[in-house]
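See below for the structure under consideration.
Counting starts at 1 for both ligands and their atoms, in listed order.
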Amino acid sequence: MSSSRWLLVVLGFIGGLAVASFAGSLSTAQAPPERAVAPVAFKSEDPGLRGLDANLYMQTSAEYRACCYQAFNLASARLREALVNKPDKPAVVLDLDETVLDNSGFQASQLRSNLAYDPRLWDIWEERYGANLLLIPGAKDFIAEAKKLGVTVVFISNRNERNRAALKISLDRLGLAITDEKQLLLATNISDKTPRRQIVEKDFQVLLYIGDNLRDFAETFRTRDIKDRTPDELEQAILERKNTVDVERQKFGTKWIILPNPAYGEWMKPLGQGRADLDRLVPEPKKN
Ligand SMILES: [Mg+2]
């Protein structure tokens, strides 16, 4: 047998195994009648690299850009609608990271260095790499429009209060200068934004909340503490958040505007179990 023919047989064998494994992952109830699958070679993928596509989606896809514009266009329309009623002291509240500020430089360097997220690395990024911050498409125009319409813009971010000065330099550079310190509410010791939302709501009528993480809207979206990280417990944590979204469905696109963030966020907390995460990927959707 020639070496190229031998290679084809080997690839065919590997391909056969891959097809068997792929078919085995589908439930028999949904599987179509069996038919012969031509043996071909399949490319395997390292689940450890899965953050790659999420970050590439944000950095290279035109679709991500379109989603951002869509979110801010909707925000703009809702804002104009709400202003028809001439609210007293109107405000909009925006999160910063991945809502207004693009941190893809951090994500990229983390991925390229093979490092998992670490708050110490993030702190260095906040403190020293403000010059690398970019803007999320549509954010700046929306903020400018809100201000022009007489609406106060407040940022509630979990960036560290300690790095306020560095952040303000960046915001200034990006054309989003902070003129009133009360319009930039950063994290001191808790990530729960509820008390900061209450501060704003005391002084203003908040017309819209804009964020990329559901906790930018309400703390009920926090992933509950997972003690033993059993598969059932992890599954429960995931389902609880989805159910809360269902309960609050009317607020999305009306009072709450969410931006896509496939790279990180509260949703990832029950994950990070290495290959065990693959068991979560099932052909049958767990919730419609
Ligand atoms: Mg954010």
Inset, instruction - Look at Asp212 together with Arg215 and state whether they make a salt bridge at an N to O cut-off of under 4.0 Å. - result: no
Legend entry - Ion pair Lys89/Asp203, N-O distance below 4.0 Å: no
Inset, instruction - Considering only NZ, NE, NH1 and NH2 on the basic side and carboxylate oxygens on the acidic side, decide whether Arg224 and Glu240 come within less than 4.0 Å. - result: yes
Legend entry - Residues Asn158, Asp95; criterion side chain to side chain donor-acceptor pair (under 3.5 Å); working and verdict: CA-CA 8 Å; Asn158 277 346; Asp95 165 56; over 6 Å; no
Legend entry - Short N-O contact, Lys168 and Glu181, less than 4.0 angstrom: yes
Inset, instruction - Kindly state each residue pair satisfying salt bridge (charged side-chain N to carboxylate O under 4.0 Å, His left out) with at least one member in residues 134-149, sequence neighbours excluded. - result: Arg80-Glu145
Legend entry - Count of N, O or S atoms belonging to protein, less than 2.8 Å from the Mg ion (ligand 1): 3
